[in-house]
Amino acid sequence: MKTILYSFIECPLGALLIARTEKGLCWVGSPGESAEELQRKYPAAQLSQDDVALTPYRKELESYFTGESRSFQLPVDAKGTVFQEKVWAALAEIPYGETWSYSDIATAIQNPSAVRAVGAAIGANPAMIVIPCHRVIGKNGKLTGFRGGLPLKRFLLDLELIDQKGADDHV
């Protein structure tokens with residue numbers, strides 16, 4: 001049985017559960033969610049709270065939230081289908097401070113007709129923030145769905161000083 005270690009980090013919109021396997025960060029939860037969210041994602045895993053083991057990840061996220069860091073260096077262990085992992089790799093290529101549309105991601109993975117599938121893969125991203133799915137917006141510049149909620153997405157984009165055209169009337 002796989003063991004997943006987890007801890008919590010405070011972000012401006014509430015506590016986020018973060019978790020890691022022996023290979024790296026495997027989960028960043030939604031604000032205010034409990035370990036039940038993690039258990040649903042990994043039903044066969046044994047969960048164990050270990051604040052010390054997650055300290056390096058908490059420090060990286062805290063540094064990002066305060067604007068001291070623009071990237072993440074620690075390993076990520078995001079498992080999904082081949083298609084999902086291809087989408088997540090494309091997300092990782094979006095530079096800090098930029099946004100791409102779902103169709104930009106579909107084009108980047110050389111499957112321009114897979115816009116809906118790209119959206120589903122982005123929604124399944126287990127390591128949001130670190131794999132920056134918050135940088136994906138609608139082609140019209142509007143904020144779109146985000147597992148962590150649109151207030152967190154807006155906070156992250158504002159943190160990266162991204163001007164969101166028309167975002168106020170869409171949230």
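Everything numeric in this text was worked out from a predicted model, so none of it was measured. By convention here, the first residue in the shown sequence is residue 1.
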Query raised in the report: Looking at CZ of Phe146 and CZ of Arg154, how far apart are the two atoms once the value is rounded to the nearest 0.5 Å?
Result: 13.0 Å
**Report entry** Any donor-acceptor N/O pair, Gln39 side chain to Ala45 backbone, under 3.5 Å
**Finding:** yes
Requested in this report: Kindly indicate whether the side chain of Val136, heavy atoms from C-beta on, has any atom under 4.5 Å from the side chain of Val118.
Outcome: no
Query raised in the report: Looking only at heavy atoms, what is the nearest atom pair of Gln73 and Glu60, with distance?
Result: N-OE2, 2.6 Å
Query raised in the report: Does Ile109 reach the side chain of Phe83, with side-chain heavy atoms less than 4.5 Å apart?
Result: yes
Query raised in the report: Under 3.5 Å, is there a donor-acceptor pair between the side chain of Glu37 and the main chain of Gly29?
Result: no
Requested in this report: For atom CD of Glu68, decide whether the heavy atoms of other residues, nucleotides or ligands shown that lie under 6.0 angstrom number more than 12.
Outcome: yes
Query raised in the report: So do Leu16 and Pro31 actually touch side chain to side chain, heavy atoms under 4.5 Å?
Result: yes
Requested in this report: Could you tell me whether Arg147 sits above the aromatic face of Trp27, with NZ or CZ closer than 6.0 angstrom to the six-membered ring centre and within 45 degrees of the axis?
Outcome: yes
Query raised in the report: Side chain of Ser63, backbone of Lys59: donor and acceptor closer than 3.5 Å?
Result: no
Report task. Spell out, as yes or no, whether a donor-acceptor pair under 3.5 Å connects the side chain of Gln84 to the backbone of Ala121. Result -> no
**Report entry** Contact summary for Ala35 and Leu17, nearest pair of heavy atoms
**Finding:** CA-CD1, 3.5 Å
Report task. Might you confirm whether atom CD of Glu36 has over 12 heavy atoms from other residues, nucleotides or ligands at distances under 6.0 Å? Result -> no
Query raised in the report: Do Asp51 and Arg58 come within less than 4.5 Å of each other through their side chains, counting heavy atoms only?
Result: yes
Query raised in the report: Hey, are the side chains of Leu159 and Pro12 touching, using non-hydrogen atoms and a 4.5 Å cut-off?
Result: no
**Report entry** Atom pair CD1/CZ of Ile18 and Phe8 - distance to nearest 0.5 Å
**Finding:** 10.0 Å
Report summary line: Heavy-atom nearest pair, Ala78 first then Pro126, reads CB-CG, 3.8 Å
Requested in this report: Could you tell me whether a side-chain N or O of Trp88 sits under 3.5 Å from a main-chain N or O of Ala124, the two making a donor and an acceptor?
Outcome: no
Requested in this report: State yes or no: do Ile9 and Ile131 share one hydrophobic cluster built from I, L, V, M, F, W and Y residues joined by side-chain heavy-atom distances below 4.5 Å, directly or via other members?
Outcome: yes
Requested in this report: Identify the two heavy atoms, one from Phe65 and one from Cys11, that lie closest to each other, and give their separation to 0.1 Å.
Outcome: CE1-CB, 3.5 Å
Report summary line: CG of Leu38 to CG of Leu47, rounded to nearest 0.5 Å, is 4.5 Å
Query raised in the report: Considering residues, nucleotides and ligands other than Lys139, do more than 12 of their heavy atoms fall under 6.0 Å from its NZ?
Result: no
Query raised in the report: Between Lys153 (side chain) and Thr144 (backbone), is there a donor-acceptor pair under 3.5 Å?
Result: yes
Report summary line: Nearest heavy-atom contact between Pro75 and Tyr57 is O-OH, 3.3 Å
**Report entry** Joint hydrophobic cluster, Met128 plus Tyr42, side-chain heavy atoms closer than 4.5 Å
**Finding:** no
Report summary line: Between the CD1 atom in Ile94 and the NE2 atom in His134, the distance rounded to the nearest 0.5 Å is 8.5 Å
Query raised in the report: Which value, rounded to the nearest 0.5 Å, describes the distance between Ile129 atom CD1 and Leu25 atom CG?
Result: 10.0 Å
Query raised in the report: Which atom pair, heavy atoms only, marks the closest approach of Gly145 to Tyr102?
Result: O-OH, 3.9 Å
Query - Option from Val52, Leu54, Thr55 for which side-chain contact (heavy atoms from CB on, under 4.5 Å) with Ser7 holds - result: Leu54
Report summary line: Rounded to the nearest 0.5 Å, the NZ atom of Lys79 sits from the OG1 atom of Thr21 at a distance of 7.5 Å
Query - Donor + acceptor pair across side chains of Thr107, Asp104 (<3.5 Å) - result: no
Query - Side chain to side chain, Val130 and Tyr64, heavy atoms closer than 4.5 Å - result: no
Query raised in the report: If you group Ile, Leu, Val, Met, Phe, Trp and Tyr by side-chain heavy-atom gaps below 4.5 Å, do Phe72 and Tyr6 land in one group?
Result: no
